[in-house]
Amino acid sequence: QVQLVESGGGLVQAGGSLRLSCAASGSLFMFKHMGWDRQAPGKQRELVASITSDGRPTYSGSVKGRFTISRDNAKNTVYLQMNDLKPEDTGVYYCRQLRPAYWGQGTQVTVSS
């Protein structure tokens with residue numbers, strides 16, 4: 001069983017920044033492909049960023065160039081740095097282990113215009 005605990009969400013004005021953190025339990029974190037999902041109000045959950053065990057990132061088109069995913073294997077933590085935030089970035093952000101699939105409880109991000 002893997003536990004993922006997110007932190008760092010909150011309310012920010014458009015153009016601002018936030019950094020989300022996800023602390024993972026277990027000794028196999030360094031081998032896991034990790035990611036961040038976003039569920040906007042009234043929309044399906046989508047994977048916005050992921051990072052392989054060797055640190056290669058992938059981004060959805062809506063966040064590419066503004067968000068940066070990173071990981072610290074020594075701390076069992078994955079991060080999502082979010083810059084130039086837009087109101088459409090509002091939603092609940094979930095830390096995710098891709099295979100096997102686990103999700104955290106989510107953290108709310110609200111971007112005001």
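Bear in mind that the values here come from a model prediction, so they are computed numbers and not experimental data.
Side-chain contact between Val48 and Asp37: absent, with no pair of heavy atoms (C-beta onward) separated by less than 4.5 Å. The side-chain heavy atoms of Leu20 and Met82, taken from C-beta on, include a pair separated by under 4.5 Å. With a 4.5 Å cut-off on side-chain heavy atoms, Leu80 and Thr68 do not count as touching. The shortest side-chain heavy-atom distance between Gln3 and Tyr102 does not fall under the 4.5 Å cut-off. Residues Ser50 and His33 are in side-chain contact: their nearest non-hydrogen atoms beyond the backbone lie under 4.5 Å apart. Residues Ser17 and Gln81 form a side-chain contact, since some pair of their non-hydrogen atoms from C-beta on lies under 4.5 Å apart. Side-chain contact check for Met34 versus Thr52: every heavy-atom pair is 4.5 Å or farther apart.
Hydrophobic clustering, with ILVMFWY side chains joined whenever heavy atoms are under 4.5 angstrom apart, keeps Ile69 apart from Leu47. Both Leu28 and Met30 are part of a single hydrophobic cluster, where members link through side-chain heavy atoms under 4.5 Å apart. A continuous path of hydrophobic side-chain contacts links Val92 to Trp103 [ILVMFWY only; heavy atoms under 4.5 Å]. Phe67 and Val12 fall within the same hydrophobic cluster, defined by Ile, Leu, Val, Met, Phe, Trp and Tyr side-chain heavy atoms under 4.5 Å apart, directly or through other members.
The side-chain tip of Arg71 points at the ring of Phe29 from less than 6.0 angstrom away and within 45° of straight on. Both the sub-6.0 Å distance and the 45° axial angle are not jointly satisfied by Arg38 relative to the ring of Tyr94. Both cation-pi conditions hold for Arg19 and Tyr79: the charged atom is under 6.0 angstrom from the six-membered ring centre and inside a 45 degree cone around its axis.
Not counting sequence neighbours, Arg99 has no partner by the salt bridge (charged side-chain N to carboxylate O under 4.0 Å, His left out) test. Applying the salt bridge (charged side-chain N to carboxylate O under 4.0 Å, His left out) test to Asp84 and every residue at least two apart in sequence or in another chain returns Lys86.
Atom CD of Gln108 has more than 12 neighbouring heavy atoms from other residues, nucleotides or ligands inside a 6.0 Å radius.
Asn76 places a side-chain N or O within donor-acceptor distance of the main-chain N or O of Gly26, the cut-off being under 3.5 Å. Listed for the Glu6 side chain is no donor-acceptor partner under 3.5 Å among the backbone atoms of Cys22. Remark: the backbone N or O of Lys75 is paired with a side-chain donor or acceptor of Thr77 at under 3.5 angstrom. Judged purely by atom type and a 3.5 angstrom limit, Thr110 has no side-chain atom pairing as donor or acceptor with the backbone of Thr90. Side-chain N or O atoms of Gln39 include none that pairs as donor or acceptor with a backbone N or O of Gly91 at under 3.5 Å.
Between Leu4 and Ala24, the closest heavy-atom pair is CD2-CB, 3.5 Å. Nearest heavy atom pair, residue Ala49 against residue Tyr59, reads CB-CD2, 3.7 Å. Taking both residues in full, the closest heavy atoms of Tyr93 and Asp89 are given as OH-O, 2.6 Å, listed atom of the first, atom of the second, then distance.
Taking CD from Gln97 and SG from Cys95, the interatomic distance works out to 9.0 Å, rounded to the nearest 0.5 Å.
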